[in-house]
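One structure below.
For this chain, numbers begin at 1 and follow the sequence in order.
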Amino acid sequence: MSNALDPRSAPLIDEDRISTYSQPEHADLHRLEGVRSLGCLQRLFRRPEKGSMRTMITTWFRICIGVGIMALPKYIEGFGLALGIAMIVLAGFISIFAYAAIFEARDRVGAQDLISTVGGVLGPRFHKAAKATMVLDQFFAVLIHVVISWNLMCYIIIFFDGRLWNFITPDMWEDIKTYSLKQYHPEIFRLRAIFFSVLWVLLIPLFLKKKMESLKGLSLGYLVLLFLLVGVVVAEGPSFRAAYTSRGDYAIDYTWTAPNFKWLFYFFSVLLGFYCQSYVIHLRNELLHPTPQRLSKALRITMGSEMVLYVCFGGFAYFCFGRGHIPDLIFLRKPFEGKATDTV
């Protein structure tokens with residue numbers, strides 16, 4: 001027996017207002033009704049379609065989740081296990097409220113982007129300020145991803161040093177225990193400048209894309225590679241914990257560490273892991289039939305999944321590696337003595 005109070009039983013199409021829809025909109029709404037009638041597995045594994053919620057969630061997920069997820073164990077180490085997990089959850093709920101407010105403001109003024117939404121709600125002065133801050137916002141967001149990509153490049157240099165080339169000299173090491181190089185060593189600094197320049201050029205075609213949906217293939221491929229890397233870290237974690245424990249070099253803060261100013265940096269870095277405010281209205285505009293209910297569902301699924309992933313991966317990695325053994329990015333971990341293969 002169907003429940004009249006169940007929101008899933010309410011039709012997407014109001015037949016009394018059917019004349020208000022254009023023919024394409026009418027067809028799309030009927031298609032959504034057909035999708036909603038499918039079973040859970042059929043809906044989950046069917047081919048992604050233009051304007052589908054899964055495409056929106058995948059792209060949203062990809063924008064938020066970058067290589068920065070590999071820095072979460074370091075942030076939790078800085079907070080302590082319990083406090084670090086609490087900070088991730090707090091950042092997640094702050095992001096949920098922020099996105100919900102953006103969607104509501106957008107619907108109120110009918111804007112097509114975040115800058116126009118700010119101007120429509122707060123007035124012309126804030127509209128001008130939003131333009132300036134948006135430029136800075138996107139610049140620093142890209143800069144952070146470029147810096148993280150450089151950290152990955154450092155790992156590649158270290159991993160293949162002695163195999164394909166002999167680049168690193170003893171005076172280049174900042175801390176060999178955590179695989180940290182001196183970033184302002186002349187040779188490293190020169191290589192970093194070349195890397196940044198090349199990466200900026202390679203990113204230009206992505207900036208010229210007119211629709212976020214056009215990046216769905218890249219997003220899916222990136223997420224697959226990222227989750228494979230997460231899987232390797234998780235699979236190897238227990239062996240690192242056993243090795244550190246056996247030599248008496250394992251320690252962990254189960255509650256919290258001594259308060260320090262780095263907590264502020266760590267918290268905003270965690271908050272950045274949920275960040276997509278600059279692009280979320282574009283994602284909303286590409287969603288088929290973006291009702292408040294569908295947007296709320298996409299928001300809950302995306303942010304909820306990210307919170308679970310961040311808590312589980314960051315907490316587990318810190319628990320396995322312990323205090324003092326975690327580099328800035330966990331995949332830069334140094335192999336323990338006797339490990340059969342080098343770190344992946």
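- Here the side chains of Pro73 and Phe316 are not in contact, with every heavy-atom distance at 4.5 Å or above.
- Looking at Gln293 and Lys297, their side chains never come closer than 4.5 Å, going by heavy atoms from C-beta outward.
- For Val121 against Ala105, the heavy-atom pair with the smallest separation is CG2-CB, 3.8 Å.
- A chain of hydrophobic side-chain contacts below 4.5 Å, direct or via other Ile, Leu, Val, Met, Phe, Trp or Tyr residues, connects Ile330 to Phe227.
- Considering only residues two or more places apart in sequence or on other chains, Thr255 meets the side-chain contact (heavy atoms from CB on, under 4.5 Å) condition with none of them.
- To the nearest 0.5 Å, atom CE of residue Met56 and atom CG of residue Leu295 are 5.5 Å apart.
- The shortest distance between side-chain heavy atoms of Glu306 and Met303 falls below 4.5 Å.
- Between the Ser269 side chain and the Phe265 main chain, a donor and an acceptor come within less than 3.5 Å of each other.
- Remark: Tyr99 pairs with Trp60 by the ring-ring contact (aromatic ring centres under 6.0 Å, His included) rule, at least two apart or across chains.
- The hydrophobic cluster around Val308 extends to none of the other residues, as no ILVMFWY side-chain heavy atom falls under 4.5 Å of it.
- Pairing each heavy atom of Arg106 with each of Thr117, the nearest pair is N-CG2, 3.7 Å.
- When side chains are defined from C-beta on, Leu271 does not count as touching Met87, because their heavy atoms never get closer than 4.5 Å.
- Applying the ring-ring contact (aromatic ring centres under 6.0 Å, His included) criterion to Phe61, with sequence neighbours excluded, gives no partner residue.
- Within the 4.5 Å cutoff, side-chain heavy atoms of Val89 are placed close to those of Phe93.
- To the nearest 0.5 angstrom, Cys64 atom SG is 11.5 Å from Ile69 atom CD1.
- The main-chain N or O of Tyr318 is never found under 3.5 Å from a side-chain atom of Glu77 such that the two would form a donor-acceptor pair.
- Considering all non-hydrogen atoms of both residues, Ala100 and Leu299 come closest at N-CD2, 4.0 Å.
- Side chains of Phe274 and Thr302 form no contact here, defined as non-hydrogen atoms less than 4.5 Å apart.
- Geometrically, Arg192 engages Tyr184 in a cation-pi contact, judged by NZ or CZ lying under 6.0 Å from the ring centre and within 45° of the ring axis.
- Ile194 and Phe189 are not part of a single hydrophobic cluster, where members link through side-chain heavy atoms under 4.5 Å apart.
- Here Phe261 is tied to no hydrophobic group at all, with no ILVMFWY side chain closer than 4.5 Å.
- Heavy-atom contacts from other residues, nucleotides or ligands closer than 6.0 Å to CD of Glu187 number more than 12.
- Thr245 contributes no side-chain N or O that, together with a main-chain N or O of Tyr250, makes up a donor-acceptor pair within less than 3.5 Å.
- At a threshold of 4.5 Å between non-hydrogen side-chain atoms, the residues Leu90 and Ile94 count as touching.
- Side-chain atoms of Trp263 come within 3.5 Å of backbone atoms of Gly78 as a donor-acceptor pair (strictly under, hydrogens ignored).
- Atom-to-atom distance recorded for Ile65:CD1 and Leu309:CG is 5.0 Å, nearest 0.5 angstrom.
- Going from atom CD1 of Ile76 over to atom CZ of Arg323 covers 15.0 Å, rounded to the nearest 0.5 Å.
- In this structure, the side chain of Tyr244 does not engage the main chain of His325 through any donor-acceptor pair within 3.5 Å.
- Nearest heavy-atom pair across Val234 and Pro238 is O-CD, 3.3 Å.
- Rounding to the nearest 0.5 Å gives a distance of 12.5 Å between CG of Leu81 and CZ of Phe79.
- Leu191 is listed as a side-chain neighbour of Ile157, based on a closest heavy-atom distance under 4.5 Å.
- A distance of 10.5 Å separates CZ of Phe267 from CD1 of Ile88, quoted to the nearest 0.5 Å.
- Residues forming a salt bridge (charged side-chain N to carboxylate O under 4.0 Å, His left out) with Arg241 (at least two apart in sequence, or on another chain): none.
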